[in-house]
Engineer: 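Following this message is one structure expressed as structure tokens.
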Amino acid sequence: MLKKFFNKQLASVIEWKNPDVNTLLYKFPSTHDEIKDASKLILAPGQGCVLVYEGRIEDVLTEPDTYNLETDNHPFVTTLLKIRQNFESEHKLKVYFFSTADVVKQYWGTASPIKYVDASYNLPVELGLNGNFSYKINQPLFLFTNIIGAQDEFSTDAMKQVIVERIINQLRNLFAKHKYEYNSIDAKLIEIEEEIGTQITPDFESLGLQLTDFNITGTLFDENTMERIGRIADITTDTAAAAQAGLSYTEMEKLRALRDAAKNEGGLAGMGAQLGVGMEIGKLFSTEKDSFTHKIAEENSDAISKLQKLKVLVDEQIITQEEFNELKKQILNNMNL
């Protein structure tokens with residue numbers, strides 16, 4: 001027993017060997033939280049440590065070096081002075097190592113999509129984002145005292161859970177404020193990264209950390225949003241096409257519906273009921289088509305403008321190429337009168 005006890009009093013080396021990159025804080029294992037007198041504490045590059053003596057933080061070391069732990073420069077009492085108490089000291093010293101190196105490429109993502117109103121289409125959209133961030137500990141005493149506490153080990157994953165929640169909150173606020181247009185998100189990613197980086201810097205500082213990098217690497221709109229925007233984009237495109245022909249969107253859609261119905265005899269009755277007409281669809285289509293082409297031909301504009309509008313109707317298969325050629329001939333003849 002005595003031999004075993006005195007063997008415990010030999011000088012020993014306290015160090016964090018082969019630290020796991022996913023570990024942010026690590027308590028040096030000691031059976032009774034007793035450190036031998038004349039022990040050496042080795043801090044490698046990228047490491048620091050907190051010395052907790054009898055429940056009080058006595059020192060925080062951050063410079064890589066070899067430190068001699070002696071009773072004349074660190075307030076702890078070894079078991080050698082407490083032989084009467086079953087070879088166990090009532091004075092405890094705990095050594096907590098922590099990483100001072102940058103914690104890089106911590107991936108984040110939105111578990112549920114961010115909802116906001118698109119400024120261009122004025123409709124609710126749902127957007128998922130992901131990326132990565134890097135940080136380092138710059139206030140170890142604050143982090144240890146207020147965030148981690150006296151845990152034997154604290155991982156980067158545990159810290160990431162705390163950080164990601166704050167990142168998502170800032171993203172929600174940012175998108176609600178700016179209402180980014182669906183088709184401009186990718187072009188504004190750098191701007192969004194910079195603004196979020198500025199917004200979350202105080203959040204990192206409140207954890208005793210310093211943000212060193214923040215990136216957004218991917219965006220994804222949900223299927224419902226893509227479907228809604230697709231429908232609106234189609235309507236926008238169709239409206240522009242109708243305008244080129246001098247028609248409203250409603251007028252163009254009516255002509256398209258009549259065109260399709262005239263090609264499909266099986267759908268004539270249903271289409272007639274939908275349009276509220278009793279006459280034969282083919283005749284109605286012809287009447288409507290002639291009305292629009294006559295309006296274009298007689299409007300007070302130059303021939304090129306008229307022909308451009310009629311060409312849209314050819315592209316939409318509202319009129320045939322032969323009908324276009326005949327109307328073109330009439331328009332050009334009228335110019336020569």
Side-chain angles (χ1 to χ4, degrees), residues 16 19-28 43-53 55-65 94-112 114 116 127-178 180 185 188-219:
W16 189 8
D20 187 339
V21 294
N22 296 316
T23 301
L24 204 59
L25 179 137
Y26 165 79
K27 178 180 178 293
F28 180 76
L43 286 185
Q47 297 178 2
C49 81
V50 177
L51 299 177
V52 180
Y53 176 63
R56 298 188 305 274
I57 296 176
E58 295 292 348
D59 212 344
V60 178
L61 307 175
T62 57
E63 293 297 326
D65 204 345
K94 300 180 181 181
V95 179
Y96 294 89
F97 288 94
F98 61 88
S99 173
T100 61
D102 281 13
V103 180
V104 299
K105 297 295 183 182
Q106 299 295 291
Y107 295 99
W108 63 268
T110 52
S112 58
I114 293 176
Y116 70 101
L127 172 66
L129 300 101
N130 59 74
N132 60 71
F133 61 90
S134 303
Y135 66 91
K136 64 181 179 180
I137 298 174
N138 71 336
Q139 299 181 60
L141 185 57
F142 179 87
L143 176 68
F144 181 83
T145 304
N146 297 285
I147 308 300
I148 297 179
Q151 299 184 51
D152 288 353
E153 189 168 318
F154 195 82
S155 69
T156 55
D157 284 342
M159 180 58 73
K160 182 166 69 173
Q161 292 180 15
V162 177
I163 293 173
V164 169
E165 181 179 351
R166 301 182 183 213
I167 291 175
I168 302 306
N169 287 338
Q170 293 293 354
L171 283 168
R172 295 186 191 283
N173 293 336
L174 185 68
F175 277 85
K177 173 183 176 182
H178 291 291
Y180 294 105
I185 289 294
K188 292 183 177 294
L189 281 185
I190 294 179
E191 173 187 319
I192 295 171
E193 286 177 353
E194 291 176 350
E195 188 160 355
I196 289 297
T198 300
Q199 295 295 328
I200 64 176
T201 292
D203 290 322
F204 275 78
E205 293 174 349
S206 71
L207 298 171
L209 308 174
Q210 177 185 343
L211 176 68
T212 58
D213 191 30
F214 178 79
N215 298 289
I216 298 175
T217 56
T219 62

Engineer: Which heavy atom of Pro140 sits nearest to which heavy atom of Phe98, and what is that distance?
Structural biologist: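 Answer, listing the atom of Pro140 first, then Phe98: CB-CZ, 3.4 Å.
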Engineer: Decide side-chain contact (heavy atoms from CB on, under 4.5 Å) for Ser155 and Thr23; before the verdict, give the C-alpha distance in whole Å, the side-chain angles of both, and the deciding distance to 0.1 Å.
Structural biologist: CA-CA 4 Å; Ser155 69; Thr23 301; 5.6 Å; no
Engineer: Flag the pair Leu209 / Gln139 as yes when at least one side-chain heavy-atom distance between them is below 4.5 Å, and no otherwise.
Structural biologist: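 Answer no - side chains too far apart.
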Engineer: Going through the checks in order, is the side-chain contact (heavy atoms from CB on, under 4.5 Å) test met by Tyr135 and Thr156?
Structural biologist: CA-CA 10 Å; Tyr135 66 91; Thr156 55; 4.2 Å; yes
Engineer: What residues, two or more places apart in sequence or in another chain, satisfy side chain to side chain donor-acceptor pair (under 3.5 Å) together with Asn130?
Structural biologist: Thr217
Engineer: Closest heavy-atom contact between Thr100 and Gly48?
Structural biologist: CG2-N, 3.7 Å
Engineer: Measure the shortest side-chain to side-chain distance between Val52 and Val50 over non-hydrogen atoms and say whether it is less than 4.5 angstrom.
Structural biologist: yes
Engineer: Does any non-hydrogen side-chain atom of Phe97 lie less than 4.5 Å from one of Leu43?
Structural biologist: yes
Engineer: Within the 4.5 Å heavy-atom criterion, are Val95 and Cys49 side-chain neighbours or not?
Structural biologist: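 The answer is yes; the side chains approach within 4.5 Å.
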Engineer: What pair of heavy atoms forms the shortest contact from Tyr96 to Gln151, and how long is it?
Structural biologist: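 Nearest pair, atom of Tyr96 first, then Gln151: CE2-O, 3.4 Å.
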Engineer: With distance as the sole test, does Glu195 use its side chain to make a donor-acceptor pair with the main-chain N or O of Ile192 at under 3.5 Å?
Structural biologist: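 A pair under 3.5 Å: no.
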Engineer: How close do Ile216 and Trp108 get, heavy atom to heavy atom, and via which atoms?
Structural biologist: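 Nearest pair, atom of Ile216 first, then Trp108: CG1-CZ2, 3.9 Å.
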Engineer: Looking at Arg172 and Ser112, what are the two nearest heavy atoms and their distance?
Structural biologist: NH2-OG, 3.4 Å
Engineer: Specify whether Phe204 and Phe133 have parallel, tilted or perpendicular ring planes, treating 30° as the upper limit for parallel and 60° as the lower limit for perpendicular.
Structural biologist: perpendicular
Engineer: Check whether any side-chain heavy atom of Gln106 sits under 4.5 Å from a side-chain heavy atom of Asn132, and report yes or no.
Structural biologist: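 A side-chain contact under 4.5 Å is absent here.
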Engineer: Identify the heavy atoms of Arg166 and Asp203 that sit nearest to each other, and give their distance.
Structural biologist: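 Taking Arg166 first and Asp203 second, the nearest heavy atoms are NH1-O, 3.7 Å.
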Engineer: Mark yes or no for whether Thr110, through its side chain, and Leu129, through its backbone, hold a donor-acceptor pair below 3.5 Å.
Structural biologist: yes
Engineer: Could you check whether any side-chain heavy atom of Val60 comes within less than 4.5 Å of a side-chain heavy atom of Phe144, counting everything from C-beta outward?
Structural biologist: no
Engineer: Check the orientation of Phe175 and Tyr180. Use parallel for under 30°, tilted for 30 to 60°, and perpendicular for over 60°.
Structural biologist: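 Because their plane-to-plane angle is over 60°, the rings of Phe175 and Tyr180 count as perpendicular.
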Engineer: Do Ile147 and Leu207 come within less than 4.5 Å of each other through their side chains, counting heavy atoms only?
Structural biologist: yes
Engineer: Considering only heavy atoms from C-beta outward, does the side chain of Glu193 approach that of Asp213 to under 4.5 Å?
Structural biologist: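 A side-chain contact is absent here, since even the closest heavy-atom pair is not under 4.5 Å.
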Engineer: Test your reading of the model: is there a side-chain donor-acceptor pair from Thr198 to the backbone of Glu194, 3.5 Å cut-off?
Structural biologist: yes
Engineer: Is there a donor-acceptor pair closer than 3.5 Å between any side-chain N or O of Gln47 and the backbone N or O of Pro45?
Structural biologist: no
Engineer: Would you say the side-chain atoms of Asp20 pair up with the backbone N or O of Asn22, donor to acceptor, closer than 3.5 Å?
Structural biologist: yes
